[in-house]
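Convention: sequence-line order gives letters A, B, ...; per-chain numbering from 1.
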Amino acid sequence: DLPPLNPDTDPSRVNWSDLDSKLGPRPDVHGQRYGVVLKTLTNEYWRLLADGYRKGAAKDGVTVDIQAAQGESDQMGQLSMMETMVGPQYKALLISPQTDANLQPAIDSAIAAKIPVVDVDDALVGNIAHFVGNVQRENGVRVADWFIAHDPNGGEVAIIEGQAGVFAAIQRTAGFRDTIVKSGKFKLVASVPGNWDRQQSYDAATNILQQNPKLIGFYCNNDTMALGVVEAVKAANLQGKVAVFGTDGTNDAYVSIKAGDLTGTVDSFPVLTGEIALDVAERLAAGQTIPRVVATPQALVTKDNMARYKGSEDAQRQALIQDAASAP
Amino acid sequence: MEASMSVSSAGGRRLPVRLNLRDAGTLFGLLAIAAVFALATPNFLSQHNLINILQQSSINACVALGMTLVIISGGIDLSVGPTAALSAVLTATMIVSGVPMPLAFAGGLLVGLACGFVNGALISIAGLQPFIVTLGTLSLYRALALIFTNGTPVLGLPHAFRALFNGTIGPLPIPVAIVAVVSLVAWFVLRKTPLGEYILAVGGNEEASRIAGVPIVRTKIATYMISGALAFLAAMILIGRLGAAEPVLGNLWELDAIAAAAIGGASLMGGKGSVVGTLLGAVVLGEMRNGLTLLNVQAFYQLLATGIIIIVAMLVDRFTRGAG
Amino acid sequence: MEASMSVSSAGGRRLPVRLNLRDAGTLFGLLAIAAVFALATPNFLSQHNLINILQQSSINACVALGMTLVIISGGIDLSVGPTAALSAVLTATMIVSGVPMPLAFAGGLLVGLACGFVNGALISIAGLQPFIVTLGTLSLYRALALIFTNGTPVLGLPHAFRALFNGTIGPLPIPVAIVAVVSLVAWFVLRKTPLGEYILAVGGNEEASRIAGVPIVRTKIATYMISGALAFLAAMILIGRLGAAEPVLGNLWELDAIAAAAIGGASLMGGKGSVVGTLLGAVVLGEMRNGLTLLNVQAFYQLLATGIIIIVAMLVDRFTRGAG
Amino acid sequence: MNAQPHPRLELRGLTKQYAANTVLDGISLSVQPGEVHALIGENGAGKSTLLKILSGVVKPTSGSILVDGKEVGGQTVGGQSMAAARAAGIAMIHQELQQVPELTVAQNMFLGHPRVRGGVVLDRASMEREAAAVLSLLDPSIDVSTPIKRFRVAARQLVEIARALLFRATVIAMDEPTSSLMPSEFERLAEVIADLQARGVAIIYVSHKLDEVRRVCSLGTVLRDGRFVGTVDVREKTEPQLVSMMVGRDLAVQAHRSSVRDEVVLSAEHLSWTGRVEDVSFQLRRGEVLGVAGLVGAGRTELMHLLAGLQKPTGGTIAVGGKIVAIRSVRQAIRLGIGLVPEERKREGIVPLRSILSNTAITALPRYSRLGWTRSGAMRARIVALFKDLQLRPLEPDKPIRLFSGGNQQKAILARWLLADSRILLLDEPTRGIDVGAKQEIYRVIRDLAASGRSVIVVSSELLEILTVSDRVLVMRGGAIAADLARDGLSEDIIMQHAARETA
Ligand SMILES: Nc1ncnc2c1ncn2[C@@H]1O[C@H](COP(=O)(O)OP(=O)(O)OP(=O)(O)O)[C@@H](O)[C@H]1O
Ligand SMILES: Nc1ncnc2c1ncn2[C@@H]1O[C@H](COP(=O)(O)OP(=O)(O)OP(=O)(O)O)[C@@H](O)[C@H]1O
Ligand SMILES: [Mg+2]
Ligand SMILES: [Mg+2]
């Protein structure tokens with residue numbers, strides 16, 4: 001049995017940009033079929049991931065069947081879905097579970113049927129052999145670092161959290177909180193739930209601004225919530241005075257950054273992540289040995305550097321490869 | 001008690017005394033919660049924050065008023081959120097693509113009414129259970145909203161549109177004023193029109209109403225259509241505020257609306273409910289969220305407080321009623 | 001019709017004929033949906049897939065049986081999911097920390113019963129509305145589960161525990177066998193014991209029951225406690241399969257359970273419902289999900305189909321009943 | 001037997017107040033073993049309230065209850081006092097049927113006190129056997145394993161009586177047990193009561209049918225507006241004497257004056273509803289009161305439902321004002337000027353939580369509304385006037401109708417159709433559960449309606465009532481018309497002969 005998955009500390013971790021160099025060229029996979037179980041399609045992040053799968057599939061000449069649960073918390077529905085999909089028709093399954101455990105039985109039966117399973121983003125399945133995604137905690141850390149660099153004198157900041165108990169929400173929140181508190185100068189005046197919901201985040205932000213007139217910034221666990229918070233900041237006439245950060249890097253977030261509303265977002269490059277994950281699955285199907293954790297890129301995108309990440313796909317890739325190379 | 005008496009004195013002598021006492025109970029609960037928060041955080045009672053609470057309660061109040069009518073008629077409408085979403089994405093798409101605003105509003109309103117019509121028809125003509133019908137359309141309308149937009153939010157609402165819902169009239173935010181008007185209309189419909197009487201009668205005893213010649217089918221359909229229309233209106237307030245119409249908006253609105261109506265004294269058995277009570281119920285829920293955020297209560301404990309306060313509000317209310 | 005007659009013949013002549021016809025209606029719906037899927041995808045009818053459907057329906061069926069009793073008693077239990085979560089994280093924590101399994105089960109069962117007791121007491125003693133009470137405890141119990149675990153799943157359930165729920169008896173997966181036993185017990189309680197009769201009576205006419213000397217409070221509390229116990233059992237099946245107990249498990253269970261009961265003929269007005277019907281209802285929902293996935297229907301369209309099929313199932317059923 | 005040291009039942013100073021309203025004011029009475037004690041009074045006099053206190057359903061403001069000299073404990077809290085009353089041997093037949101529709105007859109009879117085998121399993125067989133045994137004294141045709149909702153009111157009322165017999169109570173309170181029974185069924189009940197008397201059971205008997213009261217009771221207590229008027233031997237008083245004690249004045253019985261015109265306003269040709277109504281043809285004239293007599297189950301209610309649009313006929317035609325109409329809905333019937341006062345007041349008649357005013361106004365709302373707005377002033381004035389006409393008590397239009405006595409509820413429903421100005425009124429058992437005073441008022445109203453040119457069909461199981469109000473009488477049997485009789489020379493005997501004639 002494998003030790004419990006922890007992408008942050010996994011000794012075998014390999015960076016996405018090193019796949020080709022370390023594993024050699026991609027195998028020929030023409031005509032193969034891959035199954036995808038997504039978290040949901042109601043959130044742009046996951047739709048972009050699906051786009052990535054489709055792009056990758058078109059490039060490599062394979063078919064992907066993409067299924068998604070009916071909502072962000074439909075755990076049992078997602079399980080039924082994956083159970084129904086486990087079968088020899090698929091060379092491998094790419095899954096993004098709703099929670100760490102909710103797909104476990106289907107994963108077990110896929111393993112029993114010798115179908116490779118790749119866990120993509122977010123949830124950490126304990127005994128999974130392959131994980132492709134980024135470090136959720138790091139999302140929050142990056143935003144905290146921005147504040148520390150940008151406001152050397154510190155100030156009051158607040159967090160709008162995702163749904164209570166969800167892994168990504170817990171990790172992102174913890175990453176931001178720990179980093180900003182450790183810096184010593186900042187005061188975290190509020191950390192309240194927005195439940196991934198724009199309306200609730202708007203209301204929460206309004207109340208926080210009301211209570212803490214000296215607030216200098218928000219960190220939100222995803223972009224949807226951040227866009228709600230931006231509106232609350234605008235409604236309170238504090239635009240430019242209060243920085244707002246999201247997470248995910250959705251198109252809407254980019255539009256908002258460009259318009260000068262949203263300060264920034266931690267882009268996890270979902271389209272690219274989809275392509276990378278499919279690449280990993282194809283290599284697995286071809287029998288290659290792949291490290292357990294493949295780290296995907298993330299970057300804090302603000303108005304200053306957005307051109308760098310929002311150019312053509314190739315340009316984006318190049319930029320991210322450079323990032324990876326210059327990372328410590 | 002005084003306060004509620006004067007609130008409902010507009011109802012004149014024809015409101016049964018029990019209703020007033022019931023509303024007084026809700027008011028008492030509201031004030032008790034407010035007192036706790038006021039002690040814990042001084043900001044709570046600032047004029048600005050109180051208006052804030054009203055503003056944040058306005059969307060729920062709007063939906064809850066429609067829900068109240070539906071509940072009084074002996075039904076329930078779980079599909080308010082998706083109805084709001086569907087009408088919102090349609091209106092927003094039309095506005096963004098340059099359709100004149102009045103036309104876009106008419107279109108969205110029509111969608112809201114149509115959603116209500118389908119609910120009402122399935123319930124009254126086909127005779128299905130309201131809970132299960134609207135559980136079905138909850139999925140159905142949401143799916144339509146998602147398919148229509150392919151899941152992406154509609155952005156770029158023009159400033160003119162947003163100004164419609166974001167300004168203030170004197171100290172009052174426009175959404176609050178809208179809800180005030182809607183409440184008056186709802187109160188008027190319920191107390192002064194045949195439709196209101198029919199709604200109360202159908203919810204109170206459907207068989208007797210049928211024999212008395214109440215147009216059951218039309219009454220029910222009209223009730224669900226009002227609920228649909230108010231969901232549309234709530235959606236307009238929301239997208240005016242957020243600047244985006246998401247196909248997933250309105251998630252769990254039905255629970256908030258039902259909670260507001262129930263805290264306000266509506267009986268899910270039908271035949272009983274009050275406009276004033278529902279408004280107070282919506283404000284109770286609003287002040288709770290506001291107060292908990294001001295106190296920076298952690299997510300898990302907010303959830304805990306929400307549960308406890310719903311139950312305590314019902315208990316306090318019951319206690320007050322018993323004493324009255 | 002034949003099939004349903006024999007299914008319910010166990011009930012003997014004392015089951016009113018209408019019930020049997022009603023169950024026949026549900027069975028007809030189930031078979032109609034199955035026929036459509038079988039035509040569209042040959043895999044659907046494979047023995048493996050059929051057992052798969054039963055297995056996938058088992059958790060919902062377990063919860064829905066408790067829900068059926070609650071609904072018959074004139075109530076509703078929205079808190080089943082959080083009840084399941086709370087009892088699951090407690091049991092799992094105990095097992096992982098080395099408490100002997102029987103003791104851990106007893107602990108979890110106690111939590112399930114306690115959750116039901118609180119619901120039942122608030123409803124029957126304090127006289128609050130079931131919908132709103134369990135809406136409150138829905139938040140409350142979830143919060144307790146999250147606080148207890150600090151939001152993280154309880155991992156590392158031992159193999160012995162998982163084997164309890166993961167094996168098969170002959171061709172039947174153990175969860176299916178468990179649900180079969182639970183169904184028999186539920187049927188027995190409902191049809192053969194005073195408690196069952198009290199549940200039917202209280203839901204059918206509470207005032208008359210009170211005057212006849214039915215122990216209303218005890219009956220209602222017992223009903224919600226059964227619902228809590230079955231939520232616990234469903235949670236055991238689930239964590240046995242998942243190998244982990246998450247504080248967020250059981251999300252939306254209440255809606256699935258209510259849908260199964262309603263499709264199976266339970267009336268949310270109380271006094272009416274059937275164990276056989278609810279089982280069939282749970283399988284209808286299970287086969288639907290299964291079939292749509294086999295057909296690789298996209299998420300939004302699955303949602304659409306869910307909505308449509310709930311409504312069509314109710315319509316078909318109503319039509320069959322009318323004809324019967 | 002030796003003289004008893006104590007009466008079997010003694011009530012001492014029972015008082016009940018609802019807020020400021022005193023509905024019982026210090027009532028005391030005693031009943032000996034083997035005595036059938038009548039309790040009479042107008043609607044709202046407090047009879048049901050007294051009985052509900054006796055059986056522990058309602059908690060008295062003050063006073064006490066003694067059975068065989070021992071005070072019945074726990075007259076304080078709802079459930080507890082009911083158990084105490086039961087333990088003291090008190091059983092009650094409620095005026096409003098207290099049954100669970102989905103459960104069987106036997107289940108309803110044993111509800112709350114089932115027989116159990118081995119501590120868990122219901123002993124259905126023994127319960128059904130015993131239920132059937134008790135019911136066979138009253139009506140052997142009732143199948144105890146059929147859900148009770150399948151039975152019409154009469155049978156269900158018999159089940160209520162059987163339920164009280166089942167527990168061998170020593171005190172039985174009967175609140176209008178015969179309100180929907182036929183004379184023949186009353187005879188059977190009288191036999192049962194005689195049997196209970198012989199066994200030393202004390203019975204309190206509430207009824208508005210004074211002839212019955214005088215048959216089964218000896219002593220009787222008269223209540224008026226919650227106050228004790230007197231205890232008398234009801235056999236020594238004439239009915240008018242009793243009535244004047246009840247209402248505090250003499251009632252004039254008005255003479256019958258016909259107002260029938262030639263114009264046919266409603267006619268049925270070969271009207272059928274398979275299995276319920278067979279080939280019914282008749283004509284109703286302007287200003288006519290048409291009585292419809294028949295035994296329970298004769299299909300009278302069903303005929304009314306066909307005319308009122310509650311049910312579509314399977315054959316035949318209905319003509320209103322000479323034009324053949326297909327009545328597809330209640331609303332259409334209303335538009336044609338037809339209004340129904342239904343048989344089961346609680347289930348089909350009233351919206352309990354609404355005021356008596358709203359209950360009356362409901363049908364005529366469109367008339368008093370313009371552009372969707374109700375002109376409540378004018379409507380209210382008219383309704384209050386109607387209530388005064390009908391002597392509705394108390395005259396509090398905004399009080400919820402459920403707080404009114406049955407008779408007053410019935411008046412409100414009658415007022416509903418008067419307000420809607422219906423030309424053809426269908427009254428199904430219009431005086432069931434209504435006191436003698438109110439009955440006379442309703443008869444007067446019926447005659448006034450006819451005189452004003454309206455037409456009325458009165459379905460009643462009380463032959464005297466039929467004879468009092470009708471210009472013509474239809475007798476139904478087995479869903480068909482057995483006789484169409486003119487008023488002149490008609491007697492109860494003649495009607496009974498047609499109603500009960502063997503079909504063979
Ligand atoms: N719960 C209540 N609250 C207030 N008043 C009540 C309540 N129940 C009954 N009353 C009033 O008490 C009075 C007595 O009612 P009760 O039912 O005992 O009369 P009754 O003699 O049985 O009449 P009837 O002959 O019509 O059955 C009535 O005026 C009624 O309106
Ligand atoms: N629910 C039912 N199912 C089957 N048959 C019924 C039902 N209700 C009534 N019937 C039948 O219809 C016929 C007429 O019944 P009903 O008791 O209504 O007659 P009625 O003359 O109106 O009696 P009442 O004196 O009670 O008004 C009877 O043969 C009866 O058995
Ligand atoms: Mg009475
Ligand atoms: Mg009848």
J.: Taking side chain as everything from C-beta outward and backbone as N, CA, C, O, which of these in D:Leu111 sits under 4.5 Å from a heavy atom of chain C? Side chain, backbone, both or neither.
T.: both
J.: Do we see a donor-acceptor contact under 3.5 Å between the side chains of C:Asn119 and C:Thr134?
T.: no
J.: State whether a side-chain donor-acceptor pair under 3.5 Å links D:Arg276 with D:His305.
T.: no
J.: Under a 4.5 Å cutoff for heavy-atom pairs, which residue among C:Val214, C:Thr193, C:Ile216 has the most contacts with chain D?
T.: C:Thr193
J.: Any idea which heavy atoms bring D:Val67 and D:Ala88 closest together, and the distance?
T.: CG1-O, 3.6 Å
J.: Is chain C contacted by the side chain of D:Val116, its backbone, both, or neither, given a heavy-atom distance below 4.5 Å?
T.: side chain
J.: Identify which of D:Asn108, D:Val120, D:Leu97 forms the greatest number of heavy-atom pairs closer than 4.5 Å to chain C.
T.: D:Val120
J.: Assess the side chains of D:Gln107 and C:Glu197: does a donor N or O sit below 3.5 Å from an acceptor N or O?
T.: yes
J.: If I measure from the heavy atoms of chain C, does D:Gln99 come under 4.5 Å with its side chain, its backbone, both, or neither?
T.: backbone
J.: Can you confirm whether the side chains of D:Thr314 and D:Thr274 place a donor and an acceptor under 3.5 Å from each other?
T.: yes
J.: At a heavy-atom separation under 4.5 Å, does D:Arg163 approach chain C through its side chain, its backbone, both, or neither?
T.: side chain
